[in-house]
Amino acid sequence: MANKLISIVISAYNEEDNVGALYQALQDSLAKVKKVDFEFIYVDDGSSDKTYQNCLALQKKDVRVKIVQLKRNFGHEIAMTAGMDYAKGDAVIFMDADLQHPPVYIPQMIELWQQGKEIVLTKRVDNKDTSALYKFCAKTFYWVLNKLSETKIMESAPDFRLLDRKYVDFLKGFNEQDRLFRGLLSWVLPKENVALIDFVAPERFSGESKYNFTKSLHLALNSIMQFSVLPLRLATYLGLISALAALLLGAYVFVEHFFLHNPTPGYATIMVTVVFLGSVQLICLGIIGEYIGKIHMEVKKRPLYMADYVEKPAMKGKTHAKKDI
Ligand code: UDP
Ligand code: MG
């Protein structure tokens, strides 16, 4: 019987010093794995350094290296999607290029898959690369997200995972632009046949994290909106609360004026009420606007990315939009 094929999808954005080191680490860890073939799909997410050239050099040595070269930087989530689209394996393993997802765990993931698990997730019990403040913010984000959303998303579950072909094909059916892989996965997560491996993420091998505070905040807000319409309902509640507050204030002024004959000076109360109601309206408009903006982007149904797929024997890369695949 022919060996099963496993695709390893590696998203890389400006990781010139990491792609080769990761390739080497993968070879060291996978040498023990028998009766399985591998393909290594490096997704170059529009890097401006030598990431692509270094991947090509790897491909020269090893035909199992395939390259998906995105035509600009589309972001990590789309990079993983592109890698998944081109992966041919019976199972697909996703990992970062910076060696924060240690390849030593891959044989264990494969073993679990061979034993019948269809999804192997990992849980980062510690991350040597993040500060206490970052960890606190991440914890708060997951708490808020899971309070707001019906789809629960596991905390500290990085994009280091194995998916059986069945789930890969299923996830390919999700065509939203704004996507959070771990959220989509939570949406399809079965009760059985899922395994979890704990690991400690080391510091990144070389270079710097691509997620600064604003990028992380955008990702956090986008994720909340992808999985919940509760903020819209929140706007309604906010409106109700402010209406109640205005009513109480009105009653208080009425009683003071007509029964206690102590009229409240108008200017201060009017200012407070106007500013309060104005800000509530702005908040509500903002929330509605955010959702309309998302609808505006999604209804266009643009292709998710544009990429060249480079395989050896070196073909001239063909440019595809996602729908052509
Ligand atoms: N990455 C990507 N496109 C981006 C940003 C990041 O493909 O626009 C890749 C990056 O090269 C790395 C992985 O996604 O392999 C995770 O990024 P990073 O290490 O910067 O995130 P962190 O580990 O700090 O959360
Ligand atoms: Mg990293």
Side-chain angles (χ1 to χ4, degrees), residues 6-15 18-19 22 26 38-47 51-52 55 65-103 105-106 109 118-124 151 153-154 156-189 201 204 209-211 215-216 218-220 222-223 226-227 302-310 320-322 325:
I6 293 191
S7 310
I8 300 191
V9 168
I10 303 148
S11 354
Y13 175 48
N14 291 343
E15 305 281 8
N18 289 329
V19 286
L22 176 63
L26 280 167
F38 290 99
E39 63 171 359
F40 305 97
I41 302 184
Y42 280 89
V43 185
D44 169 24
D45 188 11
S47 303
T51 299
Y52 178 65
C55 291
V65 172
K66 324 273 167 74
I67 308 165
V68 178
Q69 188 196 26
L70 295 177
K71 292 290 147 193
R72 64 168 169 84
N73 178 241
F74 282 88
H76 186 201
E77 302 290 328
I78 298 288
M80 283 189 288
T81 307
M84 178 174 78
D85 285 340
Y86 284 96
K88 298 187 196 75
D90 299 293
V92 179
I93 295 174
F94 297 84
M95 66 192 306
D96 288 357
D98 57 1
L99 285 122
Q100 286 203 283
H101 297 164
Y105 291 94
I106 293 182
M109 290 168 118
E118 292 173 326
I119 295 182
V120 183
L121 301 173
T122 60
K123 187 168 164 63
R124 199 170 38 212
T151 309
I153 299 182
M154 197 171 75
S156 305
D159 297 300
F160 181 30
R161 61 176 75 91
L162 177 147
L163 298 182
D164 184 80
R165 169 56 52 189
K166 179 167 126 189
Y167 285 94
V168 170
D169 286 341
F170 194 70
L171 284 173
K172 279 163 82 171
F174 285 72
N175 262 316
E176 53 228 73
Q177 296 272 340
D178 226 339
R179 49 178 53 222
L180 184 72
F181 235 89
R182 59 195 80 168
L184 297 182
L185 200 61
S186 304
W187 195 89
V188 297
L189 204 63
R204 73 179 358 263
S209 172
K210 312 298 180 286
Y211 284 95
K215 229 175 158 178
S216 303
H218 279 163
L219 187 73
N222 278 343
S223 324
Q226 275 169 57
F227 289 98
R302 287 187 181 156
L304 294 180
Y305 56 82
M306 197 179 182
D308 279 351
Y309 180 60
V310 188
H320 307 277
K322 185 190 171 192
I325 296 166

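Residue indices begin at 1 and follow the sequence shown. Predicted, not measured: the structure shown is a model, and the values here were computed from it.
Once rounded to the nearest 0.5 Å, the distance linking CZ of F38 with CG of L26 reads 9.0 Å. For the atom pair NE2 of H218 and OH of Y211, the computed distance is 13.0 Å after rounding to the nearest 0.5 Å. Put simply, CD1 on I41 and CZ on F94 are 9.0 Å apart, with the number rounded to the nearest 0.5 Å. Once rounded to the nearest 0.5 Å, the distance linking CD1 of I10 with OG1 of T51 reads 12.0 Å. Atom-to-atom distance recorded for N73:CG and N14:CG is 8.0 Å, nearest 0.5 angstrom. From K71, atom NZ reaches atom CG of D44 across 9.0 Å, with rounding to the nearest 0.5 Å.
In terms of modelled atom types and a separation under 3.5 Å, the side chain of S11 and the main chain of A79 share no donor-acceptor contact. Panel note: side chain D96, backbone D98; no donor-acceptor pair is recorded below 3.5 Å. Using modelled atom types, one side-chain atom of Y42 and one backbone atom of V19 make a donor-acceptor pair closer than 3.5 Å. Side chain of Q69 to backbone of V310: no donor-acceptor contact under 3.5 angstrom is found.
Relative ring orientation between F174 and W187 is described as perpendicular, the plane-to-plane angle rising above 60° on a 0-90° scale split at 30° and 60°.
Across L121 and I119, no two heavy atoms sit closer than the pair CD2-CG2, 3.6 Å. Heavy atoms only, all atoms of each residue included: V68 and A82 are closest at CG1-CB, 4.2 Å. Contact detail for Y167 and V188: the closest heavy-atom pair is CE2-O, 3.9 Å. Here the closest non-hydrogen pair linking E77 and D159 is OE2-OD2, 4.4 Å. Considering every non-hydrogen atom in both G75 and D45, the closest pair reads N-OD2, 3.0 Å. Residues L22 and L99 approach most closely at N-CD1, 4.0 Å, considering heavy atoms.
When side chains are defined from C-beta on, L163 counts as touching L185, because their heavy atoms get closer than 4.5 Å. Proximity of M80 to R179: side-chain heavy atoms (C-beta onward) are nowhere separated by under 4.5 Å. Taking the side chain as every heavy atom from C-beta outward, N18 and R204 approach each other to under 4.5 Å. The closest side-chain heavy-atom distance from R182 to S223 is not below 4.5 Å. Side-chain contact check for H76 versus K210: every heavy-atom pair is 4.5 Å or farther apart. You'll find the side chain of T122 stays beyond 4.5 Å of the side chain of H101, heavy atoms only. Considering only heavy atoms from C-beta on, I8 comes within 4.5 Å of I106 through its side chain. The closest side-chain heavy-atom distance from F160 to Q100 is not below 4.5 Å.
Applying the side-chain contact (heavy atoms from CB on, under 4.5 Å) criterion to D178, with sequence neighbours excluded, gives N222, Q226, K294, E298. In this structure, the side-chain contact (heavy atoms from CB on, under 4.5 Å) partners of K88, at least two apart in sequence or on a different chain, are L5, E39, K66, Y309, E311. Shown here are the side chain to side chain donor-acceptor pair (under 3.5 Å) partners of R165, two or more places apart in sequence or in another chain: D169.
Shown here is F181, whose CZ atom has more than 12 heavy atoms of other residues, nucleotides or ligands within 6.0 Å.
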*When you look at M306 and L70, which way does the side-chain contact (heavy atoms from CB on, under 4.5 Å) test go after all the steps?*
CA-CA 6 Å; M306 197 179 182; L70 295 177; over 6 Å; no
